[in-house]
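One structure is given here, and the rest of the page talks about it.
A, B, ... follow the sequence lines: proteins, then strands. Residue 1 opens every chain.
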2 protein chains.
Amino acid sequence: MTITQLYYVLAVAEHQNFTKAAEKCFVTQPTLSMQIQKLEDELDIQIFDRSKKPIELTEVGKKIVTQARNIVNESYRIQDIVDQQKGFIGGEFKLGIIPTIMPTLLPMFLKTFIKKHPKVKLKIEELTTEEIMSRIKEGHLDAAIAATPLEDENIKERPLYYEPFVSYIPKNHRLYGQKTIATTDLEIDDMLLLEDGHCFRDGVINLCKIFKNHVDDKFQLESGSIETLIKLSNEGLGMTLLPYLHTLDINEKEKNNLHYFNEPPPAREVSLIYHKSELKMQIIEALQDVIAGIVRGAIAFQDVKIISPLPK
Amino acid sequence: MTITQLYYVLAVAEHQNFTKAAEKCFVTQPTLSMQIQKLEDELDIQIFDRSKKPIELTEVGKKIVTQARNIVNESYRIQDIVDQQKGFIGGEFKLGIIPTIMPTLLPMFLKTFIKKHPKVKLKIEELTTEEIMSRIKEGHLDAAIAATPLEDENIKERPLYYEPFVSYIPKNHRLYGQKTIATTDLEIDDMLLLEDGHCFRDGVINLCKIFKNHVDDKFQLESGSIETLIKLSNEGLGMTLLPYLHTLDINEKEKNNLHYFNEPPPAREVSLIYHKSELKMQIIEALQDVIAGIVRGAIAFQDVKIISPLPK
DNA sequence: TTGTGTGATAGTCATTTTTAATCAATTTAG
DNA sequence: CTAAATTGATTAAAAATGACTATCACACAA
């Protein structure tokens, strides 16, 4: 049994197709077939049910794949140990970022990070929290930036900053006259929300629920981006909540519609998250350093009330 | 990088000698040298410091060995999954037993187990708790029978039975007249103990300490076996404590010297212990079944007071 | 039927792994 | 101090392994 064989098994299990898996492994299909057959022979058990189309894992196959993923990931750690020893910070690094953080945070730290660590090939993807979590567990993502706490024992979190919620209230709104907003003022019914799947949406709903036990889950208007929310709000369709960093780059006129919360303002915790196996910790720590350094200047809130990002 | 290479590294790390390691791996010494060199080249780092005699691990080498042990052990688990699927209970199984349990328990279950599971090649070794724990962690022992709780997060425990302590008191002893003994009657000073390293010794000391804060650690007489303790006690050199199962095969005359404790009697918890990675669980469970079945008839105590086997 | 997509098989070749034999450097014993 | 023994590295030849190309066999769809 070799690590390569296990790696091939993982590829086939993932793509449910020998040919595609072979491409991903940069070998030809017969090579893959042979190696997997050899492993099956050695263990004297079928890992794949080739009669099904597309190909399926057998029951044992599933268990073997789980264990194989373990072994392959643990094997990467050897290189990791060596890198750590050499103080080498480089290689490919796949980072996920949730949509409501991506456009504001990424431009703030990306240049600095690339300049400081030119040997790291960052591959950044915009993904929802749910996608991020499953990809981290599968090893397809090295780390991610998301709202926390996630309450998942396989995922570790390192808080980067606390980002308060800011009310965006158009002129005709019943709350427009108030200088500051209390969380008790919020009514989910006249609140514009992001589409399902965004954890910021869930955060807002949780915030409204704190003082109302029951919330109708029929919302009139939902949008895929915060920019659209602002425009809809400008049209008088309701108020909305924005993450603080988003309020920094809206235009002067719209800034008048911003209403801050009473102390302590509700906020989301934004963290760098990664698999509990702590692979590529050097890069993760480098990222944390750079982001923490950048954000320190932009966000200075201390006393905040953290709102859970999880749908409940 | 291959699992074989990692296995070779482990062998050399363990034997501190290429030639011996090669023998254990059933390959020639050049094979081993080459493979390890290749791994070192690939990682571009020295794992062994060959200038030292005997050969030593470098600092990174130590980390790599730890991780390599992980990977190699995890790789065994694949075969384990297959065995489990096939319902196969067999193969080599290394079991450790502490000296104070070995002579009484082993004869009780060994025959039954071999008969029930003829494909398991049991290799049984008498070892102290300390030796057992380190060997389980290194993967040189699949399981062991010892007094628990051990409070070690790498080791899991499955209690088999609770074995009360019984006083063995010779005729001239101050406590001989008492029908039952209370733990408060015990005085460490007139107690015969096993040599250092036996956890039963530590259990007895802990028991005596429960009512006396301070105990002199100068004991006059110590012995390596419980049989010797009984003989020394017969000579009037003091009383001693025996594990219950030991009292079953002493002669009639000596049985008169046995004095049982008041309810609840102090007892030791005897468990099947194994590494948290749960390798070879089928065999471990088979062992547990057999032993539990046998012991159920011999030990019927319920309300006992468990004494820690750890030196404190 | 004829493609199309899929995985298995056969034959070949380069590479890798292993081995036996040998060497060089140390350490140990007399 | 010299001789013998031990230890790991080196070399060259053999065995094995892994991967490739080409091709086959089967299932399914147009």
Side-chain angles (χ1 to χ4, degrees), chain A residues 1-62 64-65 68 71-72 75 78-79, chain B residues 1-62 64-65 68 71-72 75 78-79:
Chain A
M1 189 175 77
T2 67
I3 296 174
T4 312
Q5 285 171 347
L6 298 177
Y7 185 73
Y8 290 167
V9 168
L10 290 185
V12 175
E14 184 173 343
H15 297 99
Q16 300 197 323
N17 178 313
F18 275 67
T19 315
K20 281 173 196 155
E23 278 171 28
K24 293 280 174 183
C25 295
F26 305 105
V27 293
T28 57
Q29 169 264 315
T31 302
L32 211 82
S33 287
M34 294 282 277
Q35 287 306 317
I36 287 178
Q37 268 183 39
K38 256 184 48 180
L39 182 61
E40 286 180 329
D41 286 352
E42 183 185 331
L43 299 175
D44 193 28
I45 209 154
Q46 286 286 112
I47 297 173
F48 294 101
D49 181 349
R50 294 160 171 82
S51 69
K52 301 275 178 54
K53 304 273 168 175
I55 209 161
E56 267 181 30
L57 282 164
T58 60
E59 280 309 304
V60 221
K62 286 177 195 165
I64 290 176
V65 163
I71 296 172
V72 171
S75 78
I78 297 269
Q79 184 62 57
Chain B
M1 188 177 78
T2 67
I3 295 175
T4 312
Q5 285 172 348
L6 297 178
Y7 185 72
Y8 290 167
V9 168
L10 290 185
V12 174
E14 184 172 342
H15 297 100
Q16 301 197 324
N17 175 313
F18 276 68
T19 315
K20 280 174 198 153
E23 278 171 26
K24 293 280 173 183
C25 296
F26 304 105
V27 292
T28 56
Q29 169 264 316
T31 302
L32 211 85
S33 286
M34 297 278 279
Q35 287 306 317
I36 288 179
Q37 268 182 38
K38 253 187 50 183
L39 182 62
E40 287 181 326
D41 286 352
E42 184 185 329
L43 299 176
D44 192 27
I45 209 153
Q46 286 286 113
I47 297 173
F48 294 101
D49 181 349
R50 294 164 172 79
S51 69
K52 300 275 178 55
K53 303 274 168 172
I55 210 162
E56 267 181 31
L57 283 164
T58 60
E59 279 309 304
V60 221
K62 285 178 195 163
I64 290 176
V65 163
I71 296 172
V72 171
S75 79
I78 297 265
Q79 184 62 57

Verify the contact: side-chain N or O of Arg50(B) to OP1 or OP2 of dA9(D), cut-off strictly under 4.0 Å; return yes or no.
-> yes

OH of Tyr7(B) to CG of Leu32(B), rounded to nearest 0.5 Å, is 10.5 Å

Check whether any side-chain N or O of Asn17(B) sits under 4.0 Å from OP1 or OP2 of dG8(D), and answer yes or no.
-> yes

Contacts under 3.5 Å, N or O only, protein and nucleotides 20-26 of chain D:
unit_1: dC20(D); atom_1: OP2; unit_2: Thr28(A); atom_2: N; d: 2.7
unit_1: dC20(D); atom_1: OP2; unit_2: Thr28(A); atom_2: OG1; d: 2.7
unit_1: dC20(D); atom_1: OP2; unit_2: Thr31(A); atom_2: OG1; d: 2.8

Gln16(B) CD to dT26(C) C1', in whole Å, measures 17 Å

To the nearest Å, how far apart are Asp49(A) CG and dA8(C) P?
-> 12 Å

From CD of Gln37(A) across to C1' of dA8(C) the rounded distance in Å is 6 Å

Which whole-number value in Å describes the distance from Ile55(B) CD1 to dA25(C) P?
-> 17 Å

Could you check if a side-chain atom of Leu57(B) sits within less than 4.5 angstrom of a side-chain atom of Phe48(B), using non-hydrogen atoms only?
-> yes

Given dT10(D), is OP1 or OP2 found less than 4.0 Å from the side-chain N or O atoms of Ser33(B)?
-> no

Just how far, in rounded Å, is P of dG7(C) from CD of Gln35(A)?
-> 17 Å

Name the nucleic acid region contacted by Tyr8(A), choosing base, sugar-phosphate or nothing; use a 4.0 angstrom heavy-atom cut-off, strictly under.
-> sugar-phosphate

Using a cut-off of 6.0 Å, state whether more than 12 heavy atoms not belonging to Met1(A) lie near its atom CE.
-> yes

Kindly say whether Ile47(B) contributes a backbone atom to a donor-acceptor pair with the side chain of Glu40(B) at under 3.5 angstrom?
-> yes

Determine whether the side chains of Ser33(A) and Gln29(A) contain a donor N or O and an acceptor N or O closer than 3.5 Å.
-> yes

Could you give the CD1-to-C1' distance, from Ile36(B) to dT10(D), as a whole number of Å?
-> 16 Å

Please report, rounded to the nearest Å, how far the P atom of dT16(C) is from the CG atom of Leu39(B).
-> 15 Å

Thr4(B) side chain reached by Gln35(B) side chain, heavy atoms, under 4.5 Å | no

Rounded to whole Å, OH of Tyr7(B) lies from P of dT18(C) at a distance of 14 Å

From Leu10(B) CG over to Ile3(B) CD1, what is the distance, rounded to the nearest 0.5 angstrom?
-> 11.5 Å

